[in-house]
Amino acid sequence: MDYFKRTKIKDILQKDIESYQDVKVLGWVKTKRVSKNIAFLELNDGSTVKNLQIVILNPSDFALEEINRGASLKIKGYLEDVPNREQSIEMKAEKIDIIGTAPDNYILQKKEHSFEFLREIAHLRPRTKTFSTVNRFRNKISYAIHKYYQEKGFQYIHSPIITASDAEGAGEMFKVTTLDFENLPKNDQGEVNYQEDFFGEQTGLTVSGQLEAEVMATALGDVYTFGPTFRAENSNTSRHASEFWMIEPEMAFCNLEEMMDLIEDFIKYLFEYAIEEAEEEMEFFDQNIEKGRKETLQKIINATFARITYTEAVNILKKADQSFEFPVEWGMDLQTEHERYLTEKHFKKPVLVTDYPLGIKAFYMRANDDNQTVAAVDCLVPEVGEIIGGSQREERYDVLKKRMEEENMNIDKYEWFLELRKFGTVPHSGFGLGFERILMYISGIKNIRDIIPFPRTPGNARF
RNA sequence: GUACUCAUAGCUCAAUUGGCAGAGCUUCUGACUGUUAAUCAGAGGGUUAAAGGUUCAAAUCCUUUUGAGUACGCCA
């Protein structure tokens with residue numbers, strides 16, 4: 001079989017090969033340079049951003065006019081070291097099979113395209129250098145996430161995609177239903193009767209796997225989820241997507257302070273992994289996306305994250321020698337401009353802000369002794385903003401129930417969640433890390449639509 | 001959802017502010033070359049996003065629609 005006998009271009013370029021003779025490669029043509037007595041092709045197979053140069057010493061023997069940029073080829077030949085050229089190894093072609101031709105209206109040109117244009121051709125953009133690099137990078141960091149938690153003894157759990165519980169405060173849900181919109185069943189009050197729906201109640205796509213992660217943490221100890229998350233918010237920003245991937249660790253017997261140590265360690269681990277294990281990708285980002293990205297990451301690895309309370313943050317902002325569009329008052333949520341000031345101007349590094357006012361945070365966050373604040377933490381980073389939101393959870397049955405009643409929640413629906421606090425309750429903590437946001441931060445890519453292969457944003461679900 | 005900005009050749013952009021729609025790249029043809037975003041010469045390519053209005057004259061001004069970008073809100 002050709003598939004298993006071919007050699008990956010990455011291995012060839014690293015000279016990780018058994019023989020220089022009878023080598024077979026499969027890939028796509030990036031450029032073609034033809035003259036009477038010699039021709040060159042550059043072939044890419046997705047294993048690396050680099051191309052393999054194919055040398056054709058007798059161009060008239062090959063149907064080169066049919067081989068255009070974008071065509072897929074199978075090439076047999078032998079390899080040769082070429083010490084004094086741009087590439088150190090290249091392939092002399094002996095046999096070329098055209099698997100698929102590419103007409104001359106192939107839209108990807110041999111030049112730079114704008115990110116906005118490439119978003120409109122999401123089916124072809126993975127073939128560009130930037131996006132193939134982004135996707136290889138995404139793969140490597142996904143692996144790093146599993147590696148980190150597995151090595152720490154966390155268990156990977158699968159929280160449901162379809163859920164009846166709205167993790168309050170996390171955002172609007174997409175509805176999941178099999179009801180006939182043209183003929184909705186109504187109850188006596190004239191409202192839609194969800195009892196007749198598929199699940200017998202109103203359901204939606206998950207906005208967070210946290211509640212289920214808490215269930216699993218109270219059985220398995222340390223767990224994490226890593227999966228898609230959906231928010232139906234009409235958000236139009238460079239850092240929001242309607243479908244994104246989130247990592248949610250949940251740890252039994254863990255308090256806020258201990259979790260913050262994990263957050264800092266985890267983020268630094270990912271940075272180090274990127275620099276060491278995704279060398280090619282980081283080099284590409286450093287050269288083509290943001291100069292100095294690697295150095296910035298290295299500085300953060302060596303730095304200690306700032307840790308302040310919300311109250312301290314408010315005091316810093318009040319003393320700031322800068323005017324803000326929105327006022328800073330204790331009890332109000334921090335605005336993006338405030339967060340940016342803290343992380344970009346004041347500390348110039350990631351900041352962990354804790355102990356937010358009770359009134360602006362979700363019901364499940366543990367109330368502090370002052371009864372004014374909760375044991376919450378947000379991790380802010382320059383440029384991207386909030387990449388982590390987490391908290392120690394309220395483990396006291398009565399306190400949680402009272403809080404839920406105050407928020408007019410349907411206690412019956414969350415009885416199972418409350419029962420975790422009834423039987424062998426433990427202090428526990430967890431957080432959510434936006435996968436795309438950490439990828440953006442490490443790579444320097446400025447728009448979330450360019451770090452996920454098929455972005456879903458309001459008005460856009462093509463491809 | 002709100003505010004602002006933008007939409008001109010396949011792509012990236014000009015058009016001296018209301019006065020003959022143009023360049024580079026891509027593509028095609030030819031020449032030449034161990035080339036490497038090859039090079040050189042030539043050719044092709046347009047309902048200026050759509051609809052309407054003002055004007056002797058609109059890519060340019062006005063209205064509406066559509067799409068995009070940025071900022072904000074919501075959050076990860």
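Protein chains get the first letters and strands the later ones, always in sequence-line order, with residue 1 at the start of each.
Ring centroids of A:Tyr224 and A:Tyr156 are separated by less than 6.0 Å, placing the two rings close together. The distance between the ring centers of A:Tyr341 and A:Phe347 does not fall below 6.0 angstrom.
B:A7 and B:A76 have their C1' atoms separated by 32 Å, given to the nearest Å. Look at the C1' atom in both B:U16 and B:A71: the space between them is 32 Å, to the nearest Å. When the P atom is compared between B:A43 and B:C62, the two are found 39 Å apart, to the nearest whole Å. The C1' atoms of B:G53 and B:G10 are separated by 32 Å, rounded to the nearest whole Å. Only the P atoms considered, B:C56 is 30 Å distant from B:U8, to the nearest whole Å. Of the P atoms belonging to B:U12 and B:A49, the separation is 14 Å, rounded to the nearest Å. Comparing the same atom, P, in B:A59 and in B:A41 gives a spacing of 33 Å after rounding to whole Å. Taking atom P on both B:C11 and B:U54, the two are 33 Å apart, rounded to the nearest angstrom.
Dashed line: the shortest gap from a side-chain N or O of A:Arg119 to OP1 or OP2 of B:G69 is under 4.0 Å. The phosphate of B:U70 (OP1 or OP2) has a side-chain N or O of A:Asn447 nearer than 4.0 angstrom. Between A:Arg69 and the phosphate of B:A37, there is no side-chain N or O to OP1/OP2 separation shorter than 4.0 Å. Considering only side-chain N and O atoms, A:Arg239 lies under 4.0 angstrom from the phosphate OP1 or OP2 of B:C72. For B:A76, the OP1/OP2 oxygens have no side-chain nitrogen or oxygen of A:Thr229 closer than 4.0 Å. Dashed line: the shortest gap from a side-chain N or O of A:Ser235 to OP1 or OP2 of B:C74 is not under 4.0 Å. Proximity of A:Arg33 to the phosphate of B:U36: no side-chain N or O atom is located under 4.0 Å from OP1 or OP2. Phosphate proximity of B:A38 to A:Lys110: present, with a side-chain N or O under 4.0 Å from OP1 or OP2. Applying the 4.0 Å criterion to OP1 and OP2 of B:G10, one finds that A:Gln109 has every side-chain N and O outside that range. Dashed line: the shortest gap from a side-chain N or O of A:Lys36 to OP1 or OP2 of B:A31 is not under 4.0 Å.
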(Q) Run the salt bridge (Lys or Arg N to Asp or Glu O under 4.0 Å) test on A:Asp81 and A:Lys15 for me, step by step, so that the C-alpha distance in whole Å, both residues' side-chain angles and the decisive distance to 0.1 Å come before the verdict. (A) CA-CA 9 Å; A:Asp81 288 326; A:Lys15 304 193 180 179; 2.9 Å; yes
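A:Leu64 has its CG atom 18 Å from the P atom of B:U35, to the nearest Å. Distance, A:Met91 CE to B:U35 P: 22 Å, rounded to whole Å. As a whole-Å value, the separation of A:Glu386 CD from B:G73 C1' is 14 Å. Look at CZ on A:Arg231: it is 13 Å from P on B:C74, rounded to the nearest Å. Regarding A:Phe326, its CZ atom lies at a distance of 10 Å from the C1' atom of B:A71, rounded to whole Å. Separating the CE atom of A:Met173 from the P atom of B:C75 is a distance of 16 Å, rounded to the nearest angstrom.
Here B:C74 is the nucleotide among B:C74, B:G34, B:A68 with the atom lying nearest to any side-chain atom of A:His240. Candidate nucleotides B:A76, B:C11, B:G10 were compared by shortest atom distance to the side chain of A:Phe117, and B:C11 ranks first. Ranking B:U35, B:A38, B:A68 by closeness to the A:Gln53 side chain, first place goes to B:U35. In this structure, the nucleotide among B:G73, B:U35, B:U26 sitting nearest to the side chain of A:Phe40 is B:U35. When distances are taken from the side chain of A:Arg449 to each of B:C75, B:G69, B:G34, the shortest belongs to B:G69. Between B:A37, B:C28, B:C32, one nucleotide has an atom nearer to the side chain of A:Asp104 than all others, and that is B:C28. In this structure, the nucleotide among B:C74, B:G34, B:G1 sitting nearest to the side chain of A:Asn234 is B:G1. Nearest to the side-chain atoms of A:Thr336 among the listed nucleotides B:U70, B:U36, B:C75 stands B:C75.
Note: A:Phe230 and A:Phe174 have perpendicular aromatic rings, judged against thresholds of 30 and 60 degrees for the angle between ring planes. Between A:His146 and A:Phe226, the ring planes are tilted. Angles from 30° to 60° get that label.
A donor-acceptor contact under 3.5 angstrom links the side-chain atoms of A:Gln87 to the base of B:U36. Looking at A:Glu120, its side chain has no donor and acceptor atom pair within 3.5 Å of the base of B:G67.
Across all strands shown, B:A23 is found opposite B:U12 as a Watson-Crick or G-U wobble partner, with both distances under 3.5 Å. The partner of B:A71, taking Watson-Crick or G-U wobble pairs whose two distances both stay under 3.5 Å, is B:U2. Searching all strands for a Watson-Crick or G-U wobble partner of B:U63 with both distances below 3.5 Å returns B:A51. Summarising the base pairing, B:G30 is matched to B:C40 through a Watson-Crick or G-U wobble pair whose two defining distances lie under 3.5 Å.
Judged by ring centres under 5.5 Å apart and planes tilted less than 30 degrees, A:Phe244 stacks against the six-membered base ring of B:A76.
Under the 90° criterion around 0 for the glycosidic angle, B:U17 counts as syn.
Using a 4.5 Å cut-off on side-chain heavy atoms (C-beta onward), A:Asp265 and A:Lys152 make contact. Between A:Tyr20 and A:Ile89, some side-chain heavy-atom pair lies under the 4.5 Å cut-off. Residues A:Arg6 and A:Val25 are not in side-chain contact: their nearest non-hydrogen atoms beyond the backbone lie 4.5 Å or more apart.
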